[in-house]
Protein chains: 2
Amino acid sequence: MLADSIAKLIEEMLESGGGQLELKRNEMANQLGCVPSQISYVITSRFTPERGYIIESRRGGGGCIRIIRKQMHKNEYLMHFFYAIGDSIEENEAMAYASNLLDGDFITPREFALIRAAVTGITSVPPAAKGMVRADIFRHILLALME
Amino acid sequence: MLADSIAKLIEEMLESGGGQLELKRNEMANQLGCVPSQISYVITSRFTPERGYIIESRRGGGGCIRIIRKQMHKNEYLMHFFYAIGDSIEENEAMAYASNLLDGDFITPREFALIRAAVTGITSVPPAAKGMVRADIFRHILLALME
DNA sequence: CGGTTTGACTTTCTTTGACTTTCGTTTTAT
DNA sequence: ATAAAACGAAAGTCAAAGAAAGTCAAACCG
């Protein structure tokens with residue numbers, strides 16, 4: 001469906017733009033072969049404030065639409081962990097961090113279990129490298145939690 | 001009887017879809033030569049929540065009906081993936097599995113993002129070994145989801 | 001009578017296009 | 001040279017048409 005593929009495109013652009021994007025309505029509509037108001041429809045029906053998006057726009061020559069995915073202060077907290085990790089981390093350290101996240105209601109018990117599975121599930125890596133791989137994974141997970 | 005054969009068809013589709021399916025009501029009715037509301041009747045009379053089914057739908061252009069079997073049994077479904085993985089898996093394969101889990105409501109969007117983070121976050125592993133590490137992690141995660 | 005079948009009608013979501021508003025630029029009048 | 005007017009290029013709005021699923025009551029078997 002048209003609306004869905006536009007929404008997907010916008011989400012991808014948001015992703016690669018780190019939560020922000022600017023688009024030209026007419027241009028986009030042209031590329032997708034649809035009428036410009038279709039873009040408006042998708043934005044107003046899918047990227048609403050209730051779902052955590054801020055929309056700004058400017059009309060006239062050189063106008064555009066900006067979409068911003070709101071992020072909460074939670075991210076600052078997560079960032080704190082992100083920098084604390086360093087480039088290698090032991091299993092128990094990682095799980096201590098995860099416990100903090102759970103305690104602070106930043107993750108659910110299931111998500112906690114999932115993180116433990118990921119962090120302890122790297123059996124096929126040489127022992128010397130495990131710490132680095134763990135840190136890798138954990139940092140990526142933190143980033144995912146910030147979305 | 002009509003209702004029974006529709007129910008049978010849906011059950012078969014559920015089976016081959018690993019417990020989930022998406023159908024277009026009008027299309028199906030057309031193929032079976034019956035009125036669309038007959039499909040609705042079968043779904044509401046046979047695939048009820050009490051019998052372990054989740055029904056979702058969307059109206060309008062491109063709309064559809066999704067049926068998910070949740071009772072019989074989550075772990076069976078997860079096991080299916082567990083064995084399908086093998087001892088090495090590519091990123092896109094892994095994410096395809098994860099998408100299925102998401103579609104089937106076995107994981108939340110956040111959990112999906114978390115899995116992606118784990119699966120794509122193993123940058124500090126020699127390319128040749130990545131597949132194995134990924135498979136490791138993914139299997140562990142599946143086990144975690146089974147509780 | 002109880003479960004089926006049907007079809008008319010409703011609701012929801014999508015698509016389109018005509019018309020409006022806003023903004024930057026360019027032209028014109030003083 | 002400057003202020004006003006005109007123009008064109010966006011985006012906004014809205015209503016109508018279209019596409020699908022939902023509802024419900026009447027008719028129809030068993």
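Throughout, a chain's letter reflects where its sequence line sits, starting with A, and its residues are numbered from 1.
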Assess whether side-chain contact (heavy atoms from CB on, under 4.5 Å) is satisfied between A:Glu93 and A:Val119, documenting all intermediate values.
CA-CA 11 Å; A:Glu93 266 184 287; A:Val119 163; over 6 Å; no

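- A salt bridge does not link A:Asp87 to A:Arg139: none of the charged side-chain nitrogens sits closer than 4.0 Å to a carboxylate oxygen.
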Check nucleotides 26-30 of chain D against the protein and report each pair of N or O atoms closer than 3.5 Å, with its distance, or say if there are none.
none

Please determine whether side-chain contact (heavy atoms from CB on, under 4.5 Å) holds for the pair A:Met28 and A:Ile10, giving the CA-CA distance in whole Å, both sets of side-chain angles, and the decisive distance to 0.1 Å.
CA-CA 10 Å; A:Met28 191 172 195; A:Ile10 290 178; 3.8 Å; yes

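- Applying the salt bridge (Lys or Arg N to Asp or Glu O under 4.0 Å) test to A:Glu12 and every residue at least two apart in sequence or in another chain returns nothing.
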Applying side-chain contact (heavy atoms from CB on, under 4.5 Å) to A:Ile39 and A:Cys34, what does each step give before you reach the verdict?
CA-CA 8 Å; A:Ile39 310 290; A:Cys34 67; 4.2 Å; yes

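- The side chain of B:Met1 sits closest to C:dT5 out of D:dG12, C:dT5, C:dT6.
- The existence of a salt bridge linking A:Arg69 and A:Glu15 is confirmed by a sub-4.0 Å separation between a basic side-chain nitrogen and an acidic carboxylate oxygen.
- Considering only the side chain of B:Val35, C:dT6 comes nearest among D:dA11, C:dT6, C:dT16.
- Among the nucleotides C:dT4, D:dA11, C:dT14, the one closest to the side chain of A:Asp4 is C:dT14.
- Within residues 39-48 of chain A, the residues having any heavy atom closer than 4.0 Å to DNA chain C are, in order of number, A:Tyr41, A:Arg46.
- A:Leu32 places its CG atom 16 Å from the P atom of C:dT14, with the value rounded to the nearest Å.
- The nearest whole Å value for the distance from the CD atom in A:Gln38 to the C1' atom in D:dA15 is 15 Å.
- Residues from residues 54-65 of chain B with heavy atoms under 4.0 angstrom of DNA chain C, sorted by number: B:Arg58, B:Arg59, B:Gly60, B:Gly61.
- Atom CZ in B:Arg66 sits roughly 15 Å away from atom C1' in D:dA20 (whole-Å rounding).
- Every ring-ring contact (aromatic ring centres under 6.0 Å, His included) that A:Phe47 has, sequence neighbours left out, goes to A:Tyr53.
- For A:Arg134 (side chain) and A:Ile89 (main-chain N/O), a donor-acceptor pair under 3.5 Å exists by modelled atom type.
- Applying the ring-ring contact (aromatic ring centres under 6.0 Å, His included) test to residues at least two apart or on different chains, the pairs with a partner in residues 85-104 of chain B are B:Phe81-B:Tyr97.
- Look at A:Asn26 and you'll find a side-chain N or O under 4.0 angstrom from OP1 or OP2 of D:dA11.
- The side chain of A:Ser37 lies closest to C:dT16 when the candidates are D:dA11, C:dT16, C:dT15.
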